[in-house]
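Chain letters run A, B, ... following the sequence lines, proteins first and then strands; every chain starts at 1.
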2 protein chains.
Amino acid sequence: MGTNDNEESVFTPWEVRGKVDYQRLMKEFGTEPVNEKLLNRIKKHTSGSLHFMLRRGIFFTHRDMNWILDEYEKGNKFYLYTGRGPSDHTHIGHIVPWIFTKWLQEKFKTKFIFQLTDDEKYVFADKLEMEDTYSYALDNALDIIALGFDSKNTEILIDTDNAKTFYKIALPVAKRITYSTVKSSFGFDNSMNIGGIFYTSIQAVPAILESVRQGKNIPCLIPHAIDQDPHFRLARDVLPKLGYYKPANIQCKFVPALSGPDGKMSSSNPNETIFVTDDPKSIKKKINKYAFSGGRDTVSEHREKGGDPDIDVSFQWLKILFEPDDAKLNKIEEEYRSGEMLSGELKAILIEKMVKFLEDHQDAREKAKDKLDDFLVKD
Amino acid sequence: MGTNDNEESVFTPWEVRGKVDYQRLMKEFGTEPVNEKLLNRIKKHTSGSLHFMLRRGIFFTHRDMNWILDEYEKGNKFYLYTGRGPSDHTHIGHIVPWIFTKWLQEKFKTKFIFQLTDDEKYVFADKLEMEDTYSYALDNALDIIALGFDSKNTEILIDTDNAKTFYKIALPVAKRITYSTVKSSFGFDNSMNIGGIFYTSIQAVPAILESVRQGKNIPCLIPHAIDQDPHFRLARDVLPKLGYYKPANIQCKFVPALSGPDGKMSSSNPNETIFVTDDPKSIKKKINKYAFSGGRDTVSEHREKGGDPDIDVSFQWLKILFEPDDAKLNKIEEEYRSGEMLSGELKAILIEKMVKFLEDHQDAREKAKDKLDDFLVKD
């Protein structure tokens with residue numbers, strides 16, 4: 001990846017390390033900004049409302065959203081596709097694109113395909129066995145269901161369970177991708193295993209699955225975090241050679257780790273991460289202990305100079321996920337910036353919001369266990 | 001492959017060009033010769049008889065046959081596995097290992113798994129579409145059934161139909177094979193497509209399929225033509241890392257093309273090849289017109305100096321496949337070598353034998369159409 005400009009900075013679908021420069025990624029990947037004009041166009045189809053992740057620039061860049069809307073306006077409705085590599089329990093970073101996808105599904109009344117790439121996580125993670133990634137796939141599926149997607153319009157596919165579907169459709173994609181291409185797209189060297197080399201063709205499949213099934217071209221829109229872009233850039237190169245549309249993308253920023261505002265939350269350090277299965281006590285402890293603060297060193301300094309919400313992880317989490325109400329968020333920002341609100345108070349707001357959110361989620365997650373069969377596709 | 005010592009000589013699982021030096025391959029691949037001692041040991045389990053392909057050195061080399069017999073004698077019975085890349089109709093070269101496999105199955109009363117690698121042929125052949133390779137897979141399956149394998153002890157798997165089985169079991173294999181390894185094992189360069197790179201892990205699956213199914217280690221013996229050795233050498237490296245036995249191999253020479261005794265029959269030139277679906281008229285025409293002869297330029301020279309059965313393709317075909325009776329074959333060899341038998345007479349014998357063989361095969365092939373479901377495995 002061209003984005004690695006020094007040894008400490010890594011940016012691939014499997015690892016993000018160092019500060020992420022979103023403007024630079026957009027330029028490098030050749031994506032378009034999500035601008036006012038596009039937002040106004042989307043509004044026409046969403047009863048004038050916009051999801052807060054659009055209003056706040058969390059979904060900040062895209063490819064071919066205007067084409068998706070052109071086709072939609074002509075009556076050629078798109079479907080939605082996103083996914084998850086099940087290497088652990090779901091953390092709060094993962095659900096950002098899912099929540100946005102659910103909004104899109106509701107507003108545009110579209111089909112949604114969710115892919116659980118247990119094969120990917122198995123071949124890319126030294127320490128995971130197939131039983132691990134498969135059991136995380138089933139575990140993570142509960143989180144999708146818990147978010148309230150409509151089972152009639154939503155399908156969850158697990159790569160190894162649905163291998164008959166995936167492998168067959170991946171082969172024509174794989175035939176048109178050389179080792180040279182994956183080497184440069186993903187920064188592989190010759191020690192990469194052949195499962196990892198093949199994998200990107202499996203991730204391309206849901207982008208054409210509805211077209212394959214229905215025997216005609218159907219537009220596909222993929223909401224996803226920006227680190228998955230190399231897969232979909234490749235898919236956009238190859239799929240037209242097979243007679244399919246290029247999938248469109250709308251891409252979001254990362255939820256930062258507890259330790260600082262610049263990178264991406266990762267499961268590898270549990271203290272940096274809130275899992276959707278964490279209990280209130282651990283949530284409170286992790287935030288109070290580890291959440292990077294934009295506050296000042298002393299209360300009096302904070303009162304005088306104010307805090308910096310732009311680098312404060314608690315504020316960022318409220319903005320990205322836990323405080324959808326703009327008026328409330330603005331009030332918090334103002335009070336924190338002025339010094340009226342202290343870091344501890346800001347953390348307390350986040351903890352309350354997050355505990356409520358995750359308690360509801362965990363209830364829904366329990367109920368989801370009975371609904372798995374309504375969502376999982378049988379090959 | 002180290003066997004390419006000049007530009008005209010190629011030896012990979014996908015292409016064999018130039019003269020094949022079997023002794024050298026054996027040395028290079030590190031396989032053992034099928035010698036008297038081994039043949040005597042096999043005889044103990046086959047009522048004292050040996051298949052003519054063993055007696056005549058058609059199956060000339062092996063790995064771990066003694067281990068297979070050790071285990072067999074201890075009551076740990078092996079199963080058989082071989083396969084076919086369905087790129088065209090079956091030709092007479094393909095059925096040599098199948099006929100031998102059938103003999104092994106009968107003598108040792110073992111299970112037999114036959115793999116049709118339609119995925120392989122699709123990703124390796126520029127001109128073939130998936131519909132082509134899949135329809136050849138079904139077509140080639142008829143030839144296996146026509147040879148008379150017992151449906152109770154024989155399974156035919158098609159890679160794309162059985163992708164759920166194949167992909168899942170291939171992943172742990174693929175995880176342990178790097179690009180460097182396939183590059184050197186198969187002579188790939190970076191323009192190889194990622195489907196071709198991944199493929200060898202799919203070909204390894206039947207070598208452990210019975211062990212996976214039964215949850216315990218079961219020895220596997222693979223009768224196959226020597227060009228497939230790189231796949232199985234790799235499988236033998238990797239499978240023990242997953243806790244499985246190394247598969248054993250017993251390997252045969254090629255049926256030479258009509259044009260000469262040195263290489264391998266290939267489907268790419270129909271005039272070099274007899275397909276098992278050819279009618280008597282084309283068989284007669286191809287042999288009379290194209291079969292490379294070990295005879296002399298004139299009848300009088302032939303009567304005087306005799307023919308050379310060692311380079312005569314008609315004689316070689318009788319030896320490898322169409323004249324199982326040693327006494328009859330020896331008589332033909334003697335008469336041809338002495339000059340008593342002319343090339344035309346030798347060809348007439350081959351034509352008669354072959355037409356009879358293929359007419360019977362084609363009858364059985366018609367009947368096989370009703371038996372497909374008894375052999376094909378549903379995932």
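- Contacts of A:Thr200 with chain B are made by side-chain atoms alone, with heavy-atom separations under 4.5 Å and no backbone atom involved.
- Using a 4.5 Å cut-off between heavy atoms, A:Val182 contacts chain B through its side chain alone, with no backbone atom that close.
- A:Tyr122 touches chain B through backbone and side chain together, each having a heavy atom under 4.5 Å away.
- Only the backbone of A:Met192 comes within contact range of chain B, with at least one heavy atom under 4.5 Å from a heavy atom of that chain.
- A:Tyr167 and B:Asp159 are not linked by any side-chain donor-acceptor pair at a separation below 3.5 angstrom, with hydrogens and angles left out of the test.
- For A:Asp143 and A:Thr90, the side-chain atoms include at least one donor-acceptor pair closer than 3.5 Å.
- The backbone N or O of B:Ala207 sits less than 3.5 Å from a side-chain atom of B:Tyr79, completing a donor-acceptor pair.
- For the options A:Thr178, A:Asp161, A:Ile194, heavy-atom pairs under 4.5 Å to chain B are most numerous at A:Ile194.
- Between B:His91 and B:Trp98, a ring centre-to-centre spacing not shorter than 6.0 Å is recorded.
- Considering only heavy atoms from C-beta on, B:Asn153 stays 4.5 Å or farther from B:Phe112 through its side chain.
- Contacts of A:Ile202 with chain B are made by side-chain atoms alone, with heavy-atom separations under 4.5 Å and no backbone atom involved.
- The pair A:Arg236-A:Asp64 meets the salt-bridge criterion, with a side-chain N (NZ, NE, NH1 or NH2) lying under 4.0 Å from an Asp/Glu carboxylate O.
- Taking the side chain as every heavy atom from C-beta outward, A:Asp139 and A:His89 approach each other to under 4.5 Å.
- Ranked by heavy-atom pairs shorter than 4.5 Å toward chain B, the options A:Ile177, A:Val173, A:Thr181 are led by A:Ile177.
- Ranked by heavy-atom pairs shorter than 4.5 Å toward chain B, the options A:Val123, A:Asp379, A:Thr165 are led by A:Val123.
- Contacts between A:Asn162 and chain B at a heavy-atom distance below 4.5 Å are absent for every atom of the residue.
- When heavy atoms are compared at a cutoff of 4.5 Å, A:Asp119 approaches chain B by way of both its backbone and its side chain.
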